[in-house]
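We name chains A, B, ... by the order of the sequence lines, and we start the count at 1 in each one.
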Protein chains: 2
Amino acid sequence: MSKKEALLKAAESKVRIGGYGNFSFRELANEVGIKSASVHYHFPTKADLGAALAHQYTNSFLAALGDPVAIKASGKNPIEVYSQLFRSALITDNKMCLCGLLGAESDSLPEQVRTEVKRFFNQNLAWLCSAHAENGDKNPAQSAIATVSILEGAMMISKSLDDNSYFEQVTQTLK
Amino acid sequence: MSKKEALLKAAESKVRIGGYGNFSFRELANEVGIKSASVHYHFPTKADLGAALAHQYTNSFLAALGDPVAIKASGKNPIEVYSQLFRSALITDNKMCLCGLLGAESDSLPEQVRTEVKRFFNQNLAWLCSAHAENGDKNPAQSAIATVSILEGAMMISKSLDDNSYFEQVTQTLK
DNA sequence: GACAACCTACCTACTGATAGGTAAGTTATA
DNA sequence: TATAACTTACCTATCAGTAGGTAGGTTGTC
């Protein structure tokens, strides 16, 4: 793993725990074994790093999701695949969704970062809209918004109350 | 309004925009017209201020909600009253729910603050459980979690995409 | 020799917090 | 009623620590 990748990985963990303000160039540099000034070589400003982080997160999230049409064709429910990805983000990583946290503090974010967060949700909405349409939903756009909302909200509640069973209860509602 | 109240008011605005890290004693002091050192007179530490803020927020939220049994008795749907309070937090204030944002960054918060955020959600869950039970719901506890989740999530999405119509679409699902 | 990937050595701005002081008001005691 | 003791609500000055960022130098690889 390159230093640049290591920086992004360290930053992702910190942001998913405490938001955009929860990481510093110094901390990141210490964790990957370089000096803080060198972080600026890879990412000129903190906003650049934040934007790259959200961009990468969105890409790997979408890649992990796959194609909703293909999922449906293979006999699986794409909505369950979707909620399973949220579940593993919460249970396996024991952390919030990166863009969920950043989205909540959207109004205090540098514009480059906010743009990437918007991209995350727009892509998620498009995916879910397609998925609900495949399931024969009469209002797939509305269902798409309801699905992301309830999953992001359930993550937030589970984190707040430090009990992932809240998330599990909510995902049963989805079935 | 006392200086102490003014400090809390200024802090609430900042936290609802960018989280716990989005306010400093100096900024708050400037806004209310005292020196930053004097803020420590009212709130010994930043964590004390954060906890007081969440505590006050919870109390006024619950007070604004009223009694779900009485609401039902008066012929209104308590769940609509509940979602209306979230709506005004988002539309009127144009800000996130204080405890929603703090809850998302829960793992990076001082314990005193986290405790108050937990209190917010536990009280909300209790209210909603009673409300859903009044409505004849067969699984009021589960419905309660689903209701807060979807509303907090919808706020988050609306903030992220800077478009409150997402919230409106989601609340229609609730009916 | 060119470029990538660092480094040292800074800078300015700001953070929460503390020490010690002051003026005005309240309360208790003789 | 006078005075001492104490409280409230601030103040100035300063602290060590951390923030993001910059200029310019070094090292290793193609």
Side-chain angles (χ1 to χ4, degrees), chain A residues 1-56 101-102 105-116, chain B residues 1-56 101-102 105-116:
Chain A
M1 184 167 48
S2 72
K3 294 291 184 187
K4 187 169 184 172
E5 289 168 326
L7 287 167
L8 251 8
K9 189 184 169 188
E12 180 183 319
S13 171
K14 297 204 180 282
V15 174
R16 287 179 63 188
I17 286 171
Y20 184 72
N22 202 234
F23 77 94
S24 74
F25 275 32
R26 261 172 257 268
E27 281 177 319
L28 260 37
N30 282 343
E31 278 187 37
V32 311
I34 60 173
K35 299 294 165 177
S36 80
S38 306
V39 180
H40 289 277
Y41 169 77
H42 300 287
F43 306 100
T45 67
K46 187 176 179 174
D48 289 320
L49 200 163
L53 182 59
H55 192 88
Q56 188 198 52
L101 222 172
L102 290 178
E105 44 185 22
S106 200
D107 284 340
S108 71
L109 257 32
E111 199 153 314
Q112 319 162 44
V113 184
R114 191 164 50 228
T115 300
E116 291 298 332
Chain B
M1 186 167 49
S2 72
K3 295 289 184 187
K4 187 170 185 171
E5 289 168 327
L7 287 167
L8 251 7
K9 189 184 168 186
E12 181 183 320
S13 171
K14 298 204 180 280
V15 175
R16 287 180 63 189
I17 286 171
Y20 184 72
N22 202 233
F23 76 94
S24 75
F25 275 34
R26 269 164 180 78
E27 280 178 319
L28 260 37
N30 282 345
E31 276 186 38
V32 311
I34 61 173
K35 299 293 165 179
S36 78
S38 306
V39 180
H40 289 278
Y41 169 75
H42 300 286
F43 307 99
T45 68
K46 187 175 180 175
D48 289 322
L49 201 163
L53 182 59
H55 192 87
Q56 189 199 52
L101 222 173
L102 290 178
E105 46 185 20
S106 199
D107 285 339
S108 71
L109 257 31
E111 199 154 314
Q112 319 163 44
V113 183
R114 189 163 51 228
T115 300
E116 290 298 330

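A salt bridge is absent between A:Glu105 and A:Arg114: the closest approach of a Lys/Arg side-chain nitrogen to an acidic carboxylate oxygen does not fall below 4.0 angstrom. In summary, B:Glu5 and B:Lys9 do not engage in a salt bridge, as defined by a charged side-chain N under 4.0 Å from a carboxylate O.
Mapping A:Ile34 and B:Phe43 onto DNA chain C by nearest heavy atom places A:Ile34 at the nucleotide closer to the 5' end.
The separation between A:Lys46 atom NZ and D:dA19 atom P is 8 Å, rounded to whole Å. A straight line from OH of A:Tyr41 to P of D:dG21 spans 18 Å, rounded to a whole angstrom. Distance B:Arg26 CZ to D:dT18 C1': 13 Å, rounded to the nearest Å. Going from atom NE2 of B:His42 over to atom C1' of D:dT8 covers 9 Å, rounded to whole Å. In this structure, B:Leu28 atom CG and D:dC10 atom C1' are separated by 16 Å, rounded to whole Å.
The side-chain tip of B:Lys46 points at the ring of B:Tyr20 from less than 6.0 angstrom away and within 45° of straight on. Taking the centre and axis of the six-membered ring of B:Phe43, the NZ or CZ atom of B:Lys4 falls inside the cone set by 45° and 6.0 Å.
Counting only heavy atoms from C-beta outward, the side chains of A:Val15 and A:Leu53 approach each other to under 4.5 Å. Residues A:Leu7 and A:Phe25 are not in side-chain contact: their nearest non-hydrogen atoms beyond the backbone lie 4.5 Å or more apart. Proximity of A:Tyr41 to A:Ile34: side-chain heavy atoms (C-beta onward) are nowhere separated by under 4.5 Å. A heavy-atom distance below 4.5 Å is found between the side chains of B:Leu49 and B:Val39.
Base contact: B:Lys35 has a heavy atom under 4.0 Å from a base atom. Among the heavy atoms of the strands lying under 4.0 Å from A:Phe25 are primed sugar atoms or P, OP1, OP2 only; no base atom is included. Residue contacts for A:Ser24: at a heavy-atom cut-off of 4.0 Å it reaches the sugar-phosphate backbone alone, with no base atom in range. As judged by a 4.0 angstrom heavy-atom cut-off over every strand, B:Phe23 is placed among residues touching the sugar-phosphate backbone only.
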Step-by-step side chain to side chain contact (heavy atoms under 4.5 Å, CB included) determination, A:Leu28 to A:Lys14: CA-CA 9 Å; A:Leu28 260 37; A:Lys14 297 204 180 282; 4.1 Å; yes

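Listed by residue number, there are no residues of residues 1-14 of chain B with a heavy-atom contact under 4.0 Å to DNA chain C.
Here the range on DNA chain C touched by chain B, meaning any atom under 4.0 Å from one of its heavy atoms, is C:dT15 to C:dT18.
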